[in-house]
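Not measured: the values here are computed from a predicted model.
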Amino acid sequence: MQKYLPHIRIPFKLFDDERIKKIPEEYRSSSLLILIALLKFVNSNSGQCYPRQATISSMVCLSRSTIYRCTELLQEVGILKKKRLKSTLLYMINPTYIVNKKIDVSSKDYDVSRKHIPRVMMTDIKRTTLRTTIITNIIKEVADKGGDKNIIIDKLSTLPRHTLIKAVNEKDNPYYCNLALSEQDRKGNGALVDLPKGIELEKLRKKTNFAYQRAVYKNKRNNDRKIKSKDLLRGDSKD
């Protein structure tokens, strides 16, 4: 049973934001709806998300052309940035629109001068430690090389299962980690097998090796031939 219902965290100022007001009225409500949809997928640490246009379209019931136009307008007013990947788009949302977002002062994507940072989010840079996880590093590496969602999932599915489960519990890219766990289950990587007590793994690997099995069969066949030859010669000598 879930401890809480999944939800999207939206800052109150979003509905009275000056940047939103700069968007033409005919596209304003659609742009606001699309931004809320993107906030469902965004990673609170990196401020990035990778949903396909088809996914957004099914959520907000808007055409792809409208989604494209609205995201262009959101980019023009400085609410998000877009980057073309191999089969999808990378969206980078302005950190001021992410609840409990930790401002990365090393980011080159946004102006981090004092006038753009809420006072409650200001901190002493000397006391700030910027930390990125292995999950975030893998996603960033694939995205930088132009990889898509499927490549990200394939990469993450090679990680140990306990690492992915820990990341989900710590809200570290849970969307991709859950998909990677599902991929492991599909491939059978997550299945556990109880080995008999006292069995030696090295011997088990050796006995299940094809070359070893073939050599054993060849030696057994040669030994059988030698035994039959000896029996035949022994029989002839008695005659």
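- Of all the heavy atoms in C177 and V168, the pair that sits closest is CB-CG2, 3.5 Å.
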Could you go through the side-chain hydrogen bond (donor to acceptor under 3.5 Å, both in side chains) check for T133 and D172 one step at a time? CA-CA 8 Å; T133 65; D172 178 11; 2.7 Å; yes
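- The CG atom of L35 sits 5.5 Å away from the CD1 atom of I93 when rounded to the nearest 0.5 Å.
- Remark: D16 pairs with K21 by the side-chain hydrogen bond (donor to acceptor under 3.5 Å, both in side chains) rule, at least two apart or across chains.
- In this structure, I20 and L14 approach most closely via the heavy-atom pair CG1-O, 3.7 Å.
- No side-chain donor-acceptor contact under 3.5 Å links S30 to the backbone of Y27.
- In this structure, M92 CE and I79 CD1 are separated by 15.0 Å, a value rounded to the nearest 0.5 Å.
- The stretch residues 50-61 participates, sequence neighbours left out, in these side-chain hydrogen bond (donor to acceptor under 3.5 Å, both in side chains) pairs: Q48-Y50.
- A side-chain contact (heavy atoms from CB on, under 4.5 Å) with K140 is found for exactly one of N137, V142, D144, namely D144.
- In this structure, E141 pairs ionically with K145, as a charged nitrogen and a carboxylate oxygen lie closer than 4.0 Å.
- Residues satisfying the salt bridge (charged side-chain N to carboxylate O under 4.0 Å, His left out) criterion with E72, sequence neighbours excluded, are K82.
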If you apply the rule side-chain contact (heavy atoms from CB on, under 4.5 Å), what do you find for I138 with L156, and how did you get there? CA-CA 7 Å; I138 290 175; L156 293 179; 3.9 Å; yes
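- A chain of hydrophobic side-chain contacts below 4.5 Å, direct or via other Ile, Leu, Val, Met, Phe, Trp or Tyr residues, connects I98 to F15.
- Between M59 and A37, the closest heavy-atom pair is CE-CB, 3.8 Å.
- Partners of S63 under the side chain to side chain contact (heavy atoms under 4.5 Å, CB included) rule, at least two apart in sequence or in another chain, are S65, T66.
- In this structure, R19 contributes its side chain and V77 its backbone to a donor-acceptor pair below 3.5 Å.
- Considering only heavy atoms from C-beta on, I10 comes within 4.5 Å of I36 through its side chain.
- R161 has a carboxylate O that lies under 4.0 Å from a charged side-chain N of D185, or vice versa, which qualifies the two as a salt bridge.
- Taking the side chain as every heavy atom from C-beta outward, I153 and K149 approach each other to under 4.5 Å.
- Taken to the nearest 0.5 Å, the CG atom of L74 stands 4.5 Å off from the OG atom of S31.
- For the pair Q184 (side chain) and L159 (backbone), a donor-acceptor distance under 3.5 Å is present.
- Across every non-hydrogen atom of P51 and L38, the tightest pair is CG-CD2, 3.8 Å.
- The shortest heavy-atom contact between A180 and L164 is CB-CD1, 3.9 Å.
- Note that the CG atom of N150 and the CD atom of E183 stand 8.5 Å from one another [nearest 0.5 Å].
- Judged as a salt bridge (charged side-chain N to carboxylate O under 4.0 Å, His left out), and not counting sequence neighbours, K226 has no contacts.
- Minimum heavy-atom separation, A54 to R64: CB-NH2, 3.2 Å.
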Evaluate the side-chain contact (heavy atoms from CB on, under 4.5 Å) criterion for residues L90 and L85: first the C-alpha distance (whole Å), next the side-chain angles of each, then the deciding distance (0.1 Å), finally the verdict. CA-CA 7 Å; L90 165 66; L85 300 183; 3.9 Å; yes
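- Note that the CD1 atom of I151 and the CD1 atom of I139 stand 13.0 Å from one another [nearest 0.5 Å].
- Annotation: side chain of T71 is not in contact with side chain of Q75 (no heavy-atom distance under 4.5 Å).
- Hydrophobic clustering of Ile, Leu, Val, Met, Phe, Trp and Tyr side chains at less than 4.5 Å, counting indirect connections, keeps Y68 apart from L32.
- Not a single donor-acceptor pair under 3.5 Å links the side chain of D224 to the backbone N or O of I227.
- Figure legend: K13 and Y97 shown as a cation-pi pair, the cationic atom lying under 6.0 angstrom from the six-membered ring centre and within 45 degrees of its axis.
- Residues N43 and T136 have side chains that never bring a donor and an acceptor to within less than 3.5 angstrom of each other.
- Within 6.0 Å of atom CD1 in I165, more than 12 heavy atoms from other residues, nucleotides or ligands are found, so the atom counts as buried in its surroundings.
- Residues meeting the ring pair (Phe, Tyr, Trp, His ring centres under 6.0 Å) test with Y175, sequence neighbours left out: F41.
- Rounded to the nearest 0.5 angstrom, I135 CD1 and S46 OG are separated by 12.0 Å.
- Looking only at side-chain heavy atoms (C-beta outward), I56 and Y91 come within less than 4.5 Å of each other.
- Side-chain atoms of I67 and I34, non-hydrogen and from C-beta on, do get closer than 4.5 Å to each other.
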